[in-house]
Amino acid sequence: MDFAVLGPVRVLREGNPIRLQGKRSAVVSTLLLHPDVAVSRERIVAWLWDEPPKSAVANVQTYVSQLRRADIGIEHEGPAYRLPLDGHRLDLAEFEDAVRSARRAASDGDLGAAHAEFGRAFALWRGRPAENVPLSDAALPRIAELEERSRSARAEWVDVRLRLHLYDDVISELTVLVEAEPLHERPWRQLMTALHHAGRRGEALHVYAKARAALVDELGVEPGPELRDLHLSILHDEQPSPERASGVVEVRSLPATEPALPAPGCQLPPDIADFVGRERELATVHTALESDGPAPSIVVLSGPPGVGKTTAAVHAAHLARPRYPEGQLFVRLRGGEHNPRTPADVLGELLRLLGVDGAVIPASVTERTAMYRARMADRRILVVLDDAADENQVEPLLPGTPSTAVLVTSRTPLAALPGSIPVPVELPDPDAAKNLLARLVGRDRVDSDPRSADDLLSSCGYLPLAIRVVAARLAARPAWPLSELSRRLHGARSRLDELRVGSLDVRTTFSAGYSALPEDARRAFRLFGLTGAESLAPWAFTASLTGIECGERADGAMEALVDAGLVTAHERDAVGQLRYRMHDLLRSYAQERAGAATGSDNSDDRASLLRLAARAHTRVAAASSQLALPFAPPRAHHPSRTEPNPEDLAWLRAERAILLPLTEAVASHALGTAVDLACDYTPHLINDGFHDDAVRVLTDLAGKAKNAGEIDAETRLRLVRADVEIDRGSVDVAETEFRSLLGSLRRRGDEHAATYALTGLAACRVMSGDLDGADPLIGEAEATFAAHGDRHGCLQAWLVRAGGLLLRGRHTTAVELCNRALAVPEARCGIHKAAFLRVLGIALFESGSPERSLPYYEESMRLSRELGWRKGERITLRRLGEARAALGEIDTAMALLEQCRAMFGEAGDVRGEALTAYSLGEAHRRRGDVKTALGHYVASVSLLGPDADPSWRARAADAISRCRAALVGCAPYAP
């Protein structure tokens, strides 16, 4: 049997086509796009229908039976189907085999064979995958993935042909490609190289002009350094090598076609290729992880710093992956400067790795532990907890079911940890240490001078980290004999001057490289340390410099750091920015160098940090223009509100790794800048559910502001922090803070800021059900905001009033208020608009006009999705499902509500699940299925719990009573 899916789907039996149509062809396509993999019925249904009918599963079973009768050997594996390829041909599999062969040949230098294999691969492509098959939108990501892999392989084929001097062969192909994908720089470089080598220099220069125009016009950015360098070499009529057309030629294997493991997948750091020894420790860990006891396996690897605990744990975890196929988590239990992280902080990270939305992660350690253990229950997941401080830090992080396992590394044995298996990690014996050194620097080099090798290992104390430091220095100096470094170690006043591991300070190892750097590179290195960030994008270095050539200077500085091995540049973030990453030991060294700077260097470093912070604040304010302003009196010169820009939102997410530590780093130099940056970034953190990060930074800065006597700054930070607490549902915490702020602000006579505290207090009372207590507060707030001309404040107050109006059933007044709010310029886009549109839809729905509510719900949901506001999207989707049910569109409503319930479940939002269960009960009740409706109502009450909003519990309890009465025949169910 021959199968083809790279174009119109075809199935041939002994050369004769098997006719497939409609959903049967879609079933075959779904299985072929997951070759030789068991595909669940749920996924097949999702790929066949955008809105599956009630009979979807039964229909799939019918289609499979029909396909089997046509001799297509689909196998049944539990709740899944698989189309085995043994003895059959599939063009997708042959394409991947050919590309792998081509890459191997290119890696071995056999360019002719690589050219032939790439040609064989692309002869199989006849169009877009499964282009003649009616698949749903759920299939689009997989098809896009295959097309992207095809583009990547084709670019490598072009590289091969350039190296074979087949310039005319690729020029026409690349000319079409750059027109189709003008924002990809690699094809432009390849085309310029081909034209120049073909003797068409003028055309090559014209191509550069077109590439630059496309990038500047569409993205507002200049071409990258590779494209600019190539342009310069052509201008000087140099002959750049074909390899330069794509930068560094990299040979990669195609990823496997199996679908990725469900979240969390593998979060482990890479394994160590040169791992040697540790057979005893690994055997003990293996036995413990393979056991089937009544409790989770807990293994503690303990030993002194630098002995290789983390290396051994990561290696053991990789070996154990088949045993724990649902995921392997890895978290570090020490933060900056090796301070222990709190269990609450670590649990927040673990819950995010497990797919919980940050907006619903509870505040207390007890609640987080309960949510974490519930998420881990009965799943085969391995957790690695690195560098634990003590038992109290680890205990809340332990899962509760025996299917899971935990690997802990610590400097102490953690003997008080119940049920743990201790595995002491000791120094390697001399033979293992010598093997490690030989693996790192070369066997010949070690064997040529065994006495010096033994002296080196002895001087290192056989500590693996010290051996790696020695090996790194030797590898960077190939001409050095081993005796030279051995002599240096023996001659040092203290070996720690040469081998500093315990304090995260390896100054001696890096001092030679640092001293050789040009001044801009040294300043960039120190700046990296000052920011405290793990990675930085190029804009950060450009922003920290001055002068008209700061962009080129920043590029040069970072390339010098890359060349010196002090940073890596192997990754790009979600917005395509190159990320320079610095190892934490190097970052510690960079911080030391910055602290040791004196005179003009010290002044320059401080000025660079402040310029970076100022530029970061400007970009944050501009990128946040579709989000609500911070919950405080607006500052001057804020950018006007704009429509959502996905690139801005992506940039804010990508730069969280620098913006938070930068805010803390700059506070001691320019508190005002830090306060502005923190406050303006907080709406994004709220939007993305990073409430813990926001509260931590705002609390730290509020303390600094208080100590500095900056009362206005402290007040602003506390107002914004209290707003964060409201968004994550900590009403009691927020109410206490707002009440305290209201009193102090009124005593100081700051009525404007006091009105924000008043509005927050009113919101807390509405959320607590105290509507009578909220009304006078919000009325006073509206009047004061209006007097100050603060339209942002008015919108905040109106949102609170709108919530109270809905709870009172005053729908007409709520509609009028929403229309008034939406006419304000500040509410014409962003979060406010999405919120008021939803409230408007609710008011219309609950006043008996579900058909009028639909466009408002749909627009609110569209805007929420554009903003990445998952919380708003979930809430509005539930309301939309209710409206569809009320209009009699029961199937559509149920599909929306089931999707909504899944979203709430994935986010860990139990209250949202409960309300959605109630809505599903209403939908089934409208259909007349009282028994099913009863089940959903009961589930709603169970999820709400005893401390839930009394009005919702009363509503659900009343629905349960009516259902039970109807089921026993006492009375028909009536609303």
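Every heavy atom of this structure was used, including side-chain atoms; hydrogens, water molecules and symmetry mates were not.
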Margin query: With salt bridge (Lys or Arg N to Asp or Glu O under 4.0 Å) as the test, pick out the partner of R865 among E858, E859, E873.
Written below: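 Answer to the salt bridge (Lys or Arg N to Asp or Glu O under 4.0 Å) test with R865 among E858, E859, E873: E873.
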
Check: Which of these passes salt bridge (Lys or Arg N to Asp or Glu O under 4.0 Å) with D688: R653, K871, R352?
Finding: R653

Next item on the list: Apply salt bridge (charged side-chain N to carboxylate O under 4.0 Å, His left out) to the pair R884 and E922, showing each step before the final yes or no.
Entry: CA-CA 11 Å; R884 292 291 184 189; E922 290 289 277; over 6 Å; no

Note to self: Going by side chain to side chain donor-acceptor pair (under 3.5 Å), name the residues that satisfy it together with D692, two or more places apart in sequence or in a different chain.
What the structure shows: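 Here the qualifying residues are R368, R728.
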
Between [atom1] on residue [X] and [atom2] on residue [Y], distance to nearest 0.5 Å:
X	Y	atom1	atom2	answer
L758	L777	CG	CG	5.0 Å
R810	E816	CZ	CD	10.0 Å
S29	R142	OG	CZ	12.5 Å
F845	L887	CZ	CG	8.5 Å
K54	I890	NZ	CD1	10.5 Å
S864	K833	OG	NZ	11.5 Å

Answer with yes or no whether the side chains of [Y] and [X] bring together a donor and an acceptor at under 3.5 Å.
X	Y	value
H936	R925	no
T916	E913	no
Q796	T759	no

Notebook entry, point to check: Pairs in or reaching into residues 758-772: which pass salt bridge (charged side-chain N to carboxylate O under 4.0 Å, His left out), with residues at least two apart or in two chains?
Noted result: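 Counting only pairs at least two positions apart or across chains, the salt bridge (charged side-chain N to carboxylate O under 4.0 Å, His left out) contacts touching residues 758-772 are D772-R808.
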
Margin query: Taking salt bridge (Lys or Arg N to Asp or Glu O under 4.0 Å) as the definition, give me every residue that meets it alongside E737, ordered by chain and number, with sequence neighbours left out.
Written below: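 E737: salt bridge (Lys or Arg N to Asp or Glu O under 4.0 Å) contacts with R718, R721.
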
Checklist line | Under the salt bridge (Lys or Arg N to Asp or Glu O under 4.0 Å) test, residues paired with E349 that sit two or more places apart | finding: R341

Margin query: Looking only at the aromatic ring of each residue, does the gap between the centers of W798 and H832 stay below 6.0 angstrom?
Written below: no

Note to self: Below 30° counts as parallel, above 60° as perpendicular, anything between as tilted: where do the rings of Y937 and Y918 land?
What the structure shows: tilted

Check: Quick one: is the NZ or CZ of R879 closer than 6.0 Å to the six-membered ring centre of Y857, and within 45° of its axis?
Finding: no

Margin query: With side chain to side chain donor-acceptor pair (under 3.5 Å) as the rule and sequence neighbours excluded, what pairs involving residues 58-69 come up?
Written below: S55-N59

Check: Looking only at heavy atoms, which two atoms of A138 and W47 are closest? And how far apart?
Finding: O-NE1, 3.6 Å

Notebook entry, point to check: Which heavy atom in A734 sits nearest to a heavy atom in I726, and how many Å separate them?
Noted result: CB-CG1, 3.5 Å

Notebook entry, point to check: Mind checking what makes side chain to side chain contact (heavy atoms under 4.5 Å, CB included) contact with P296, not counting sequence neighbours?
Noted result: T404

